[in-house]
**Student:** 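Starting off with a structure, shown below.
What's counted below: heavy atoms across the whole structure, side chains too, no hydrogens, waters or symmetry copies.
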Amino acid sequence: MQEFFDIAKTDFMDTFEGAWLFPLLVTAALWILWQEKDLTRKLLLGALPLIFLVLYWCPLTGILFMKILGENVYWRILWLLLLAVTIPYGGCLLLKKRTGLQRLGVFLLCLAGIVLCGENVLSEESFEPSTNVYKLPQYVIEVGELLPGHIHAMMSNRLMPYIRMYDPTITLAFGRNALAYNGIEETTSHEQLLYLEAQKEEMDLDVLIPLAEEMDITFFVFSNNRTYIGKWEDYGYEPYGSTDEFDIFAKKGYENTGEKAE
């Protein structure tokens with residue numbers, strides 16, 4: 001149970017870190033329960049947010065949701081808290097009873113409260129200047145320019161979320177959902193064994209390559225700081241290209257079916 005509270009607390013703090021929107025949400029929900037006359041709105045905007053919070057923190061429901069959804073995505077339950085609806089609606093109920101300059105003053109106070117309690121979404125932590133027309137990380141573009149189209153590849157976790165935005169003809173052995181394999185200790189799945197082997201500090205090519213061939217992988221793209229047990233050439237692969245951060249290996253005799261970018 002302690003593990004549940006540790007995960008719930010960490011996810012909760014990460015979600016509301018740097019902002020005071022949570023107490024504002026609770027205040028708005030309680031205000032709606034008190035002031036709203038319409039039963040449906042009272043339930044949807046006042047009661048439900050509080051119910052979701054109880055379900056989130058309750059060990060019985062929380063542990064159940066973790067088993068169903070997975071520990072890595074448990075925090076998404078907090079997405080059910082409609083902050084952008086509940087807080088403004090609570091403010092509207094407050095304005096409803098005011099008129100004239102008093103209403104204007106309360107409106108400005110509510111606006112200031114939301115601004116001061118929130119967090120700047122245009123902060124440097126969330127956004128960075130685009131360096132290319134694709135609006136993708138530059139290291140993805142550099143790899144994409146070297147790869148031919150219409151290949152089946154296994155790539156570094158850093159590339160998986162982006163590379164198909166550059167070239168959708170490239171298919172991947174794993175997508176972002178493969179991160180759920182982290183932490184698995186025992187498995188007989190070829191797919192999971194392949195992914196877990198690729199996460200090791202030193203990859204054993206004697207294990208990696210046979211598993212990859214089961215999935216018809218012809219290209220590998222890994223960070224150039226990775227180390228391997230064995231030589232790629234001994235297993236039928238050869239260097240295909242490299243960038244400042246990644247090395248690309250291709251199956252020997254691979255025939256390019258598309259145009260390779262110059």
**Student:** Is the shortest side-chain heavy-atom distance between Arg41 and Ile32 below 4.5 Å?
**Tutor:**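 No; the side chains remain at least 4.5 Å from each other.
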**Student:** In chain order, what residues pass the salt bridge (Lys or Arg N to Asp or Glu O under 4.0 Å) check against Glu213, with sequence neighbours excluded?
**Tutor:**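 So Glu213 forms a salt bridge (Lys or Arg N to Asp or Glu O under 4.0 Å) with Lys251.
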**Student:** Verify the distance criterion only: is there a donor paired with an acceptor across the side chains of His152 and Thr171 at less than 3.5 Å?
**Tutor:**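 Yes, a side-chain donor-acceptor pair sits under 3.5 Å.
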**Student:** Does Leu101 CG have over 12 foreign heavy atoms under 6.0 Å away?
**Tutor:**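 It does not: Leu101 CG has 12 such atoms or fewer within range.
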**Student:** Rounded to the nearest 0.5 Å, what separates atom CE in Met203 from atom CD1 in Ile229?
**Tutor:**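 The distance works out to 10.5 Å.
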**Student:** List the steps, then state whether side-chain contact (heavy atoms from CB on, under 4.5 Å) holds for Leu53 with Phe22.
**Tutor:** CA-CA 11 Å; Leu53 285 171; Phe22 175 69; 3.7 Å; yes
**Student:** Counting C-beta onward and ignoring hydrogens, is there a side-chain heavy-atom pair between Pro23 and Trp20 closer than 4.5 Å?
**Tutor:**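 Yes, at least one pair of side-chain atoms sits under 4.5 Å.
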**Student:** Rounded to the nearest 0.5 Å, how far apart are CD1 of Ile63 and CZ of Phe4?
**Tutor:**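 The CZ atom of Phe4 is 6.5 Å from CD1 of Ile63, to the nearest 0.5 Å.
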**Student:** Side chains of Phe220 and Ile248, heavy atoms from C-beta outward: is any pair under 4.5 Å?
**Tutor:**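 No. Closest side-chain heavy atoms not under 4.5 Å.
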**Student:** Check the angle between the aromatic planes of Tyr228 and Phe249 and answer parallel, tilted or perpendicular using the 30° and 60° thresholds.
**Tutor:**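 Ring orientation, 0 to 90° scale: perpendicular.
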**Student:** Counting only heavy atoms not in Lys9, do more than 12 sit closer than 6.0 Å to its NZ atom?
**Tutor:**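 No - once you tally the heavy atoms of other residues, nucleotides and ligands closer than 6.0 Å, there are 12 at most.
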**Student:** Do Ile163 and Val140 touch side chain to side chain, with heavy atoms closer than 4.5 Å?
**Tutor:**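 In short, these two side chains touch, coming nearer than 4.5 Å.
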**Student:** Is the ring pair Trp79/Trp75 parallel, tilted or perpendicular, if the boundaries are 30 and 60 degrees?
**Tutor:**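 Perpendicular.
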**Student:** Any side-chain heavy-atom pair from Lys252 and Glu233 closer than 4.5 angstrom?
**Tutor:**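 Counting from C-beta outward, Lys252 and Glu233 do come under 4.5 Å.
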**Student:** Evaluate the criterion side-chain contact (heavy atoms from CB on, under 4.5 Å) for residue pair Thr86 and Leu81; output intermediate values, then yes/no.
**Tutor:** CA-CA 8 Å; Thr86 302; Leu81 301 175; over 6 Å; no
**Student:** Should the pair Trp57 and Phe5 be assigned to parallel (<30°), tilted (30 to 60°) or perpendicular (>60°) ring geometry?
**Tutor:**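 Trp57 and Phe5: parallel rings.
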**Student:** With side chains defined as the heavy atoms from C-beta onward, is the minimum distance between Leu24 and Leu83 less than 4.5 Å?
**Tutor:**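 When only atoms from C-beta onward are counted, Leu83 and Leu24 do not touch, as no gap falls below 4.5 Å.
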**Student:** Establish, from distance only, whether the side-chain atoms of Lys97 and Gln35 form a donor-acceptor pair under 3.5 Å.
**Tutor:**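 Note: Lys97 and Gln35 side chains meet the donor-acceptor criterion.
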**Student:** Could you tell me if the side chain of Arg98 sits less than 4.5 Å from the side chain of Leu104, heavy atoms only?
**Tutor:**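 The answer is no, as the side chains (C-beta and beyond) never meet within the 4.5 Å cut-off.
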**Student:** Nearest 0.5 Å, what's the CG-CG distance between Leu196 and Leu208?
**Tutor:**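 CG of Leu208 is found 11.5 Å from CG of Leu196.
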**Student:** Step by step, work out the side-chain contact (heavy atoms from CB on, under 4.5 Å) result for Leu194 and His190.
**Tutor:** CA-CA 6 Å; Leu194 175 61; His190 283 172; over 6 Å; no
**Student:** Please round to the nearest 0.5 Å and tell me the distance separating atom CE of Met154 and atom CE of Met160.
**Tutor:**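 Met154 CE to Met160 CE: 8.0 Å, rounded to 0.5 Å.
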**Student:** Would you say Asn132 and Tyr166 are linked by a side-chain donor-acceptor pair, where the criterion is simply a distance under 3.5 Å?
**Tutor:**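 No.
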**Student:** Would you compute the distance between atom CD of Glu36 and atom CG of Leu44 and round it to the nearest 0.5 angstrom?
**Tutor:**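 One gets 10.0 Å once the value is rounded to the nearest 0.5 Å.
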**Student:** Looking at Glu202, I'd like to know if its CD atom is crowded, meaning that more than 12 non-hydrogen atoms belonging to other residues, nucleotides or ligands lie closer than 6.0 Å.
**Tutor:**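 Atom CD in Glu202 is packed in, count exceeds 12.
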**Student:** Return each pair, listed once, that meets salt bridge (charged side-chain N to carboxylate O under 4.0 Å, His left out) where at least one residue sits in residues 157-175; pairs must be two or more places apart or across chains.
**Tutor:**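 Passing the test, one end in residues 157-175: Arg158-Glu245.
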**Student:** Could you check if a side-chain atom of Asp11 sits within less than 4.5 angstrom of a side-chain atom of Tyr56, using non-hydrogen atoms only?
**Tutor:**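 Yes - at least one pair of side-chain heavy atoms lies under 4.5 Å apart.
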**Student:** Which value, rounded to the nearest 0.5 Å, describes the distance between Phe174 atom CZ and Ser156 atom OG?
**Tutor:**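 Atom-to-atom, Phe174:CZ and Ser156:OG are 13.0 Å apart.
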